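The next block holds one structure in the form of structure tokens; read it before the comments.
Bear in mind the structure is a predicted one, so any value in this text is a computation, not a measurement. In what follows, every chain begins at residue 1, and chains take the letters A, B, ... in the order their sequences are listed. Just the heavy atoms: all of them, side chains too, but no hydrogens, waters or symmetry mates, feed the values below.
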Amino acid sequence: GAVVSQHPSRVICKSGTSVKIECRSLDFQATTMFWYRQFPKQSLMLMATSNEGSKATYEQGVEKDKFLINHASLTLSTLTVTSAHPEDSSFYICSALRGAYNEQFFGPGTRLTVL
Amino acid sequence: SQQGEEDPQALSIQEGENATMNCSYKTSINNLQWYRQNSGRGLVHLILIRSNEREKHSGRLRVTLDTSKKSSSLLITASRAADTASYFCATDAQGAQKLVFGQGTRLTINP
């Protein structure tokens, strides 16, 4: 159990376009999901906490109008990178919270390349 | 901000040897979790250890937690080439759900 999927796994887009990334918990319900960003050979940096039915909570320095998060159901959260630029190129990973002990289960990640 | 520091940053050992990675953190925690990440992939959950636990085992993995020293260790016994990956510890500060990750240890198992 505790499988989280992400779609797409890889996306290449032109500068100025918007890209939507989906994160799904496949075999459990997740009130809370998280979005991370990871640069090559670095650790994960939390971008925002996605809460089902309410607004996301963004970490300091993360532009909420740039990275739109929607958590419309207990199994789906989406991250939309609006007006993407080359500096937004990165590996984006989501996780879903399960259980009483705050176990987080991660998706396989989405590699975004903005040309 | 990063709460955890891991050492070593990189570790290279021969197949069959044991690998030990350490993690230190700064604030009081509820739990500490260890994850594995293969290059370009997502994170695989390995073990969660609660703050009132001192040691936990899962297969070839052994995790210890010393809350007085704010540190944890991950031991992989009888290493295999497939264990080659980056290993991260992550902590959740008391009262918070979000995790803060250490910088990770890049483990290489040489056949």
Side-chain angles (χ1 to χ4, degrees), chain A residues 1-10 21 23-26 28 30-52 56-62 90-113, chain B residues 1-10 21 23-25 27-53 56 58 63 65 84-108:
Chain A
V3 179
V4 178
S5 69
Q6 266 183 256
H7 178 79
S9 59
R10 186 179 298 267
I21 303 169
C23 177
R24 293 182 185 272
S25 56
L26 298 185
F28 66 101
T31 306
T32 303
M33 294 183 175
F34 301 88
W35 287 96
Y36 297 83
R37 186 172 180 176
Q38 185 180 33
F39 291 104
K41 297 186 178 181
Q42 293 190 22
S43 188
L44 280 71
M45 294 296 293
L46 180 65
M47 299 175 65
T49 302
S50 172
N51 303 297
E52 188 268 335
T57 304
Y58 290 81
E59 294 299 300
Q60 191 173 8
V62 178
S90 190
F91 193 56
Y92 292 87
I93 309 177
C94 72
S95 70
L97 196 65
R98 189 190 79 164
Y101 297 113
N102 288 346
E103 285 182 287
Q104 285 191 30
F105 295 89
F106 284 78
T110 297
R111 173 77 57 195
L112 171 64
T113 303
Chain B
S1 63
Q2 298 294 341
Q3 147 139 271
E5 292 186 3
E6 295 180 63
D7 80 277
Q9 290 187 356
M21 290 158 274
C23 167
S24 61
Y25 56 92
T27 64
S28 296
I29 61 171
N30 287 322
N31 310 300
L32 185 144
Q33 302 181 56
W34 283 92
Y35 291 87
R36 183 185 75 232
Q37 184 181 36
N38 291 90
S39 182
R41 301 290 188 90
L43 274 69
V44 174
H45 188 269
L46 297 177
I47 286 184
L48 179 149
I49 186 166
R50 301 198 297 270
S51 60
N52 61 354
E53 297 178 311
K56 208 162 183 178
S58 177
V63 168
L65 178 64
T84 295
S86 291
Y87 292 81
F88 295 92
C89 70
T91 53
D92 58 342
Q94 284 185 340
Q97 292 179 321
K98 62 184 182 181
L99 295 178
V100 180
F101 282 80
Q103 291 298 323
T105 294
R106 289 191 300 280
L107 176 65
T108 302

Any residue meeting salt bridge (charged side-chain N to carboxylate O under 4.0 Å, His left out) with A:K41, in chain and number order, not counting sequence neighbours =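 Checked A:K41 against salt bridge (charged side-chain N to carboxylate O under 4.0 Å, His left out); zero matches.
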
Got a sec, which residues hit salt bridge (charged side-chain N to carboxylate O under 4.0 Å, His left out) with A:R24, two or more places apart in sequence or on another chain?
->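 Checked A:R24 against salt bridge (charged side-chain N to carboxylate O under 4.0 Å, His left out); matches are A:E22.
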
Could you tell me which non-hydrogen atom of B:R41 sits nearest to which non-hydrogen atom of A:F91, and how far apart they are?
->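 In this case the closest contact between B:R41 and A:F91 is O-CE2, 3.4 Å.
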
Search all heavy atoms of B:F88 against all heavy atoms of A:Q38 and return the closest pair with its distance.
->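 Here B:F88 and A:Q38 meet closest at CZ-NE2, 4.0 Å.
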
side-chain contact (heavy atoms from CB on, under 4.5 Å) between A:E103 and B:Q33: does it pass, once the steps are laid out?
-> CA-CA 8 Å; A:E103 285 182 287; B:Q33 302 181 56; 4.2 Å; yes

Check whether B:L48 gets within reach of chain A through its side chain, its backbone, both or neither, counting any heavy atom under 4.5 Å.
->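 Contact with chain A is through the side chain of B:L48 alone.
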
Would you check if [X] and [Y] make a side-chain contact, meaning some heavy-atom pair closer than 4.5 Å?
| X | Y | result |
| --- | --- | --- |
| B:L43 | A:L44 | yes |
| A:T31 | B:Q97 | no |
| B:Q103 | A:S43 | yes |

Name the region of A:Q60, side chain, backbone, both or neither, that has any atom closer than 4.5 Å to a heavy atom of chain B.
->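 Neither part, no heavy atoms under 4.5 Å.
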
Structural part of A:Q104 lying under 4.5 Å from a heavy atom of chain B =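 Both backbone and side chain.
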
Neighbour count >12 (heavy atoms, 6.0 Å) for atom CD, B:Q9 |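 No, not enclosed.
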
For the residue pair B:H45 and A:F105, does the interplanar ring angle fall in the parallel (under 30°), tilted (30 to 60°) or perpendicular (over 60°) class?
->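 Judged by the thresholds at 30° and 60°, the geometry between B:H45 and A:F105 is tilted.
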
